[in-house]
**Q** 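Below is one structure. I have some questions about it.
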Amino acid sequence: MDVILFSVFAIIAVVCAINVVVQTHPISSAISLVGVMGSLAVLYLLLGAEFLAAAQVIVYAGAIMVLFVFVIMLLNAGAETKEGRSLAVQLLGVPLLVAFLGIMAYFVQRLFPSSTMVHFGGFTGGGVREIGRALFGAYLLPFEVTSILILIAILGAIVLARKEMD
Amino acid sequence: MMSQVPMSWFLTLSAILFALGVAGFLFRRSIITIFMSIELMLNAVNLSFVTFSYQNKSINGHLFAFFVMVVAAAEAAVGLAIILTIFKNRQTLNIDDIESMKN
């Protein structure tokens with residue numbers, strides 16, 4: 001059951017990620033990226049990260065991707081052109097990528113040969129209660145610092161995107 | 001009958017997603033798609049964090065992934081504002097045309 005769940009959503013994630021890379025129109029890439037994030041949320045649930053699954057859907061698939069779609073529509077971004085790519089990139093790009101992937105997969109399999117098996121319900125410490133206790137206990141200072149970071153980001157975004165006022 | 005998923009499958013999926021994000025970052029021309037590739041890489045790393053957190057039966061990986069999400073949200077806001085400004089000044093989204101720092 002867990003294997004079926006993992007396989008289905010891993011395949012959806014990989015197909016959507018490939019679609020993000022190969023689509024020429026930015027809006028198609030954005031919709032595919034939402035698919036990746038949604039399937040990753042299901043995998044988080046499988047790993048017992050309930051709070052993160054909810055945050056993934058709300059923050060990533062909700063807020064960030066809506067921001068992306070807004071900007072794509074605001075700028076009326078069209079399909080990108082394909083010319084001007086060097087011959088080395090066209091010939092070597094995909095084989096090098098596959099080789100890089102193969103090496104990474106090989107090392108992962110070597111480093112974790114018969115390690116932990118993941119099954120649903122194997123780790124139940126990822127709920128809101130545990131996250132909240134950690135966040136306002138051991139991680140209080142980083143949490144407060146992120147609030148300052150977000151304040152700076154808001155100010156920066158406003159300063160960058162406003163109209164010039166004389 | 002196998003009902004448990006090996007942990008290395010999650011890590012391999014994370015590696016695949018990260019490599020695809022790198023590919024998008026390197027091969028694409030549209031500045032918006034490059035930005036989306038960065039988000040894809042951040043998501044892949046988050047999956048690794050949560051997987052290792054499962055292995056160690058500890059909450060710390062979840063917190064790291066949470067902070068990555070927060071920083072990604074801030075980064076998206078500022079980055080998209082920068083993209084808006086670039087488009088306003090240059091009327092293009094193609095990174096090959098934005099080369100004033102090259103010389």
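Note that the coordinates shown come from a computational prediction; the quantities given were computed from them, not determined experimentally. Order of the sequence lines fixes the chain letters, A, B, ..., with proteins taken first and strands second; residue numbering starts at 1 for each chain. No hydrogens, no waters, no symmetry mates; every other heavy atom, side chains included, goes into these values.
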**Q** With side chains defined as the heavy atoms from C-beta onward, is the minimum distance between A:L135 and B:F67 less than 4.5 Å?
**A**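 Result yes, sub-4.5 Å side-chain heavy-atom pair found.
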**Q** What residue, out of A:F70, A:F143, A:F107, A:Y60, has the most heavy-atom pairs lying under 4.5 Å from chain B?
**A**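 Max contact count across the listed options: A:Y60.
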**Q** Using the six-membered ring wherever Trp is involved, compare the ring planes of B:F64 and A:Y139 and label them parallel, tilted or perpendicular (cut-offs 30° and 60°).
**A**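 The rings of B:F64 and A:Y139 stand perpendicular, inter-plane angle above 60°.
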**Q** So which atom in A:Q109 and which in B:S8 form the shortest heavy-atom distance, rounded to 0.1 Å?
**A**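 Residues A:Q109 and B:S8, closest heavy atoms: OE1-OG, 3.5 Å.
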**Q** Quick one: sort the A:F6 and B:W9 rings into parallel, tilted or perpendicular, breaks at 30° and 60°.
**A**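 Judged by the thresholds at 30° and 60°, the geometry between A:F6 and B:W9 is tilted.
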**Q** Do you know which of B:Q91, B:E75, B:M36, B:K57 has the most heavy-atom pairs under 4.5 Å to chain A?
**A**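 Most pairs with chain A among the choices: B:M36.
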**Q** B:L13 and side chain to side chain contact (heavy atoms under 4.5 Å, CB included): which partner among A:V14, A:I11, A:V108?
**A**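 One option only clears the test, and that one is A:V14.
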**Q** Let me know if A:I152 has heavy atoms under 4.5 Å from chain B in its side chain, its backbone, both or neither.
**A**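 Neither part.
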**Q** Return the set of residues passing side-chain hydrogen bond (donor to acceptor under 3.5 Å, both in side chains) with B:N43 (not counting sequence neighbours), or none when no residue passes.
**A**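 Applying side-chain hydrogen bond (donor to acceptor under 3.5 Å, both in side chains) to B:N43 gives A:Q56.
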**Q** Compare every heavy atom of B:L17 with every heavy atom of A:A17, then report the nearest pair and how far apart it is.
**A**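 The answer is CB-CD2, 3.6 Å.
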**Q** Look at A:P142, A:A13, A:G48 and state which one has the largest set of heavy-atom pairs under 4.5 Å with chain B.
**A**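 Most pairs with chain B among the choices: A:P142.
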**Q** So for A:A10, is it side chain, backbone, both, or neither that comes closer than 4.5 Å to the heavy atoms of chain B?
**A**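 The answer is both parts of A:A10.
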**Q** For a quick test of reading the model, state the closest non-hydrogen atom pair linking A:A105 to B:T12 and the distance between them.
**A**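 Heavy atoms only, the tightest pair is CB-CG2, 3.9 Å.
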**Q** Looking only at heavy atoms, which two atoms of B:I59 and A:A134 are closest? And how far apart?
**A**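 For B:I59 and A:A134, the tightest heavy-atom pair comes out as CG2-CB, 4.1 Å.
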**Q** I need the B:S30 OG to A:I72 CD1 distance, nearest 0.5 Å.
**A**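 So the OG of B:S30 and the CD1 of A:I72 are separated by 7.5 Å.
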**Q** Check B:A15 against A:M104 and note the closest heavy-atom contact, atom names and distance.
**A**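 Closest approach of B:A15 to A:M104, heavy atoms only: CB-CE, 3.7 Å.
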**Q** Tell me every residue that passes side-chain hydrogen bond (donor to acceptor under 3.5 Å, both in side chains) with B:E39, counting only those two or more places apart in sequence or in another chain.
**A**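 Residues passing side-chain hydrogen bond (donor to acceptor under 3.5 Å, both in side chains) with B:E39: none at all.
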**Q** Looking at B:I83, B:L26, B:L93, which has the largest count of heavy-atom pairs under 4.5 Å with chain A?
**A**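 So the answer, after comparing B:I83, B:L26, B:L93, is B:L93.
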**Q** For the candidates B:L63, B:T33, B:T85, B:V70, which exhibits the highest count of non-hydrogen atom pairs separated by less than 4.5 Å from chain A?
**A**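 The candidate making the most pairs under 4.5 Å is B:L63.
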**Q** For a 4.5 angstrom cut-off between non-hydrogen side-chain atoms, does A:L46 reach B:F10?
**A**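 With C-beta onward as the side chain, the pair touches.
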**Q** Centre-to-centre under 6.0 Å for A:F51 and B:F66, is that the case here?
**A**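 Aromatic pair counts; centres sit under 6.0 Å.
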**Q** Could you tell me which portion of A:A138 (side chain, backbone, both or neither) has an atom closer than 4.5 angstrom to a non-hydrogen atom of chain B?
**A**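 Neither part.
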**Q** Sort out for me which of B:S58, B:S53, B:G79 touches chain A most, counting heavy-atom pairs under 4.5 Å.
**A**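 Of the candidates given, the most pairs with chain A belong to B:S58.
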**Q** Students often mix this up, so state it plainly: with edges at 30° and 60°, are the rings of B:F35 and A:F68 parallel, tilted or perpendicular?
**A**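 Answer is tilted, since the angle falls between 30° and 60°.
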**Q** With only heavy atoms counted, which part of A:L75 is less than 4.5 Å from chain B, the side chain, the backbone, both or neither?
**A**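 Looking at A:L75, backbone and side chain both touch chain B.
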**Q** Any idea which of A:I131, A:V59, A:L74, A:V20 has the most non-hydrogen atom pairs under 4.5 angstrom with chain B?
**A**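 Ranked by heavy-atom pairs under 4.5 Å with chain B, first place is A:I131.
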**Q** Taking A:I103 as the starting point, is it possible to reach B:L11 by hopping between hydrophobic residues whose side chains are less than 4.5 Å apart?
**A**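 Per the 4.5 Å side-chain linkage, B:L11 and A:I103 are not co-clustered.
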**Q** Measuring heavy-atom distances to chain B, does A:L47 have an atom under 4.5 Å in its side chain, in its backbone, in both, or in neither?
**A**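 For A:L47, backbone and side chain are both near chain B.
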**Q** I'd like to verify something: which residue of A:L160, A:L96, A:T124 has the highest number of heavy-atom pairs under 4.5 Å with chain B?
**A**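 Top option by heavy-atom pairs under 4.5 Å: A:L160.
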**Q** With a 4.5 Å cut-off on heavy-atom pairs, point out which of B:V50, B:V78, B:V22, B:L84 contacts chain A the most.
**A**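 The residue among B:V50, B:V78, B:V22, B:L84 with the greatest pair count is B:V50.
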**Q** Where does A:L33 contact chain B at under 4.5 Å (heavy atoms): side chain, backbone, both or neither?
**A**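 When you check distances to chain B, only side chain atoms of A:L33 fall under 4.5 Å.
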**Q** Among B:A19, B:A65, B:G24, B:S14, single out the residue with the greatest number of heavy-atom pairs under 4.5 Å to chain A.
**A**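 Option with the top pair count is B:A19.
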